[in-house]
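Reviewing the structure listed below.
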Amino acid sequence: MGGNEQSYVKEAFDTNWIAPLGPNVDAFEKSIEKFLGNNINVAVLSSGTAAIHLALELLGVTDGDDVICQSFTFAASANPITYLGAKPVFVDSERETWNMSPQLLEKAITAGLEKGKKPKAIIAVHLYGMPYKVSEITEIAVKYNIPVIEDSAEALGSTYNNEACGRFGDFGILSFNGNKIITTSGGGALVTKNIELKNKAVFLATQARDDAAHYQHSHIGYNYRMSNVLAGIGRGQMEVIDERVKARRSNYNYYNEKLGKLAKIEFLEEPKGFHSNRWLSCILLPTYEIREEIRMALLKENIESRPLWKPMHMQPVFMGCAQFVDGTSEDLFNRGLCLPSGSNLIKEDLNRVIEVILKTLVV
Ligand SMILES: *Cc1c(COP(=O)(O)O)cnc(C)c1O
């Protein structure tokens with residue numbers, strides 16, 4: 001926590017705004033809108049997953065539709081597709097950003113069109129905070145007139161050509177889950193340039209109650225709005241987002257400085273115009289075996305590290321889904337490792353990690 005979270009939570013208690021609406025909700029939304037730049041509307045919700053679900057629903061995704069989704073991601077990017085009875089079509093990554101490959105995206109779209117089935121939406125992800133190739137992906141989406149949901153759950157504070165991630169899709173989504181760069185313990189947000197779509201999202205997120213004195217409903221709704229208590233945490237967190245990004249980037253730079261010269265370790269550098277919040281510091285090792293050797297050596301020192309996300313097209317639950325893959329994300333999964341990346345790590349912590357890795361690689 002940054003410092004002022006408790007005072008905003010206390011304010012919620014003192015004023016008895018213990019509800020999924022209130023001054024903290026409004027102020028948290030305002031602070032995110034300001035952070036993301038001009039002409040942006042934000043609806044804070046109970047989770048990032050809820051935000052993706054509402055985005056898909058607002059785009060009219062329904063039973064039997066196809067939705068293209070980056071395969072290399074966390075399951076929450078894809079799960080909401082199935083809530084609506086639609087089917088995910090998984091697209092592999094490219095090497096430069098580890099995110100959706102524009103070539104494979106176009107292949108997936110044209111394959112759909114040839115079957116007479118145009119995909120309803122594209123879910124592209126800024127994984128680990130690294131922006132996807134926004135220009136290329138947007139250009140293809142515009143060419144085929146397919147809306148983009150920009151999964152920025154891991155990328156608050158990242159920018160592409162100096163513009164904030166979260167602004168590029170037809171909808172952006174954010175997450176404030178406990179593991180993200182800032183957190184409300186659990187929470188998320190839907191981002192849109194269209195105020196009417198924000199209002200519709202809030203309507204759906206609060207049980208789709210019609211405008212009447214009694215409780216009347218003409219739509220199926222959800223209970224997805226963020227609590228005013230948790231929004232108080234969010235207000236405090238937004239005051240330290242810049243510091244958090246700085247701390248994460250400094251972790252990455254330190255690892256890179258100490259390990260980047262080793263031929264056996266590969267870092268994901270930022271292409272020109274790409275600015276990552278470096279939510280997690282990740283490295284690639286030459287083989288699966290060496291990756292596992294390092295992971296186990298760290299574990300022996302009571303240091304947790306983790307393989308990169310297992311691609312969705314390899315997940316048991318998504319077996320049989322359409323896929324346009326070329327082995328890239330499978331290779332990243334096999335050879336990649338997320339290093340300890342918390343904003344509160346100090347030099348000694350980082351040095352401990354670095355020493356174990358050096359010792360393991362040099363023998
Ligand atoms: C965390 C995450 C989500 C989901 O957010 P929740 O708030 O945990 O529901 C979606 N996509 C990605 C890439 C994530 O990392």
Side-chain angles (χ1 to χ4, degrees), residues 20 28-29 32 42-57 67-84 88 90-93 97-100 121-132 134 137 148-158 165-166 168-169 171-191 201 205 222-227 230-231 233-234 237-238 241 244 248 268 276-282 306-313 315 317-318 329 332-333 336 338 341-342:
F28 185 30
E29 287 180 343
I32 304 167
V42 169
V44 290
L45 302 167
S46 54
S47 71
T49 310
I52 297 173
H53 187 182
L54 291 182
L56 290 166
E57 174 141 347
V67 172
I68 292 177
C69 183
Q70 182 166 321
S71 184
F72 194 42
T73 185
F74 175 50
S77 302
N79 283 339
I81 299 168
T82 69
Y83 304 168
L84 291 158
F90 291 115
V91 166
D92 214 333
S93 292
T97 72
W98 296 359
N99 292 312
M100 186 177 274
I122 298 163
I123 302 175
V125 187
H126 306 300
L127 208 65
Y128 302 117
M130 179 63 80
Y132 60 76
V134 173
I137 297 292
V148 174
I149 297 171
E150 182 196 0
D151 183 340
S152 307
E154 302 177 3
L156 188 62
S158 298
C165 287
F168 297 110
F171 286 103
I173 77 99
L174 304 172
S175 169
F176 309 111
N177 198 48
N179 58 338
K180 298 305 198 295
I181 192 152
I182 61 164
T183 181
T184 57
S185 77
L190 188 71
V191 180
Y222 305 95
N223 185 3
Y224 276 174
R225 197 69 163 128
M226 179 178 278
S227 154
L230 298 187
I233 304 178
Q237 289 275 281
M238 282 308 288
I241 175 73
R244 294 291 185 270
R248 301 264 171 166
L268 180 64
S276 169
N277 66 9
R278 296 294 186 189
W279 174 57
L280 297 188
S281 290
C282 307
R306 214 174 277 177
L308 303 187
W309 297 121
K310 180 170 183 171
M312 291 308 111
H313 73 274
Q315 297 285 357
V317 72
F318 292 122
S329 60
L332 295 170
F333 170 59
C338 304
S341 302

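Just so you know, ligand 1 is whichever comes first in the structure, and atom 1 is the first atom listed for that ligand. The model shown is predicted, which means the values in this text are computed figures rather than measured ones.
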Taking all heavy atoms of Ala201 and all of Leu54, pick out the closest pair and write down the distance.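 Heavy atoms only, the tightest pair is O-CD1, 3.8 Å.
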Do His53 and Tyr222 pass the ring pair (Phe, Tyr, Trp, His ring centres under 6.0 Å) test, and can you show the C-alpha distance, the side-chain angles, and the key distance before you say yes or no? CA-CA 10 Å; His53 187 182; Tyr222 305 95; 4.6 Å; yes
Report all protein residues having a heavy-atom distance below 4.0 Å to some atom of ligand 1; order the list by chain, then number.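 The 4.0 Å shell around ligand 1 contains Ser47, Gly48, Thr49, Thr73, Phe74, Ala76, Ser77, Val125, Asp151, Ala153, Glu154, Ser175, Asn177, Lys180, Gly187.
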According to side-chain hydrogen bond (donor to acceptor under 3.5 Å, both in side chains), who are the partners of Arg225, at least two apart in sequence or on a separate chain?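 Arg225 satisfies side-chain hydrogen bond (donor to acceptor under 3.5 Å, both in side chains) with Glu29 once adjacent residues are dropped.
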Working note: Ile81 + Phe318, criterion side chain to side chain contact (heavy atoms under 4.5 Å, CB included); need CA distance, chi angles, decisive distance, verdict. CA-CA 11 Å; Ile81 299 168; Phe318 292 122; over 6 Å; no
Once side chain to side chain contact (heavy atoms under 4.5 Å, CB included) is applied, do any residues pair with Leu268, and if so which ones, sequence neighbours excluded?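 Residues passing side chain to side chain contact (heavy atoms under 4.5 Å, CB included) with Leu268: Trp98, Met130, Arg278.
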Could you tell me which residues satisfy side chain to side chain contact (heavy atoms under 4.5 Å, CB included) with Ser175, sequence neighbours excluded, listed by chain and number?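 Ser175 satisfies side chain to side chain contact (heavy atoms under 4.5 Å, CB included) with Ala153, Asn177, Lys180 once adjacent residues are dropped.
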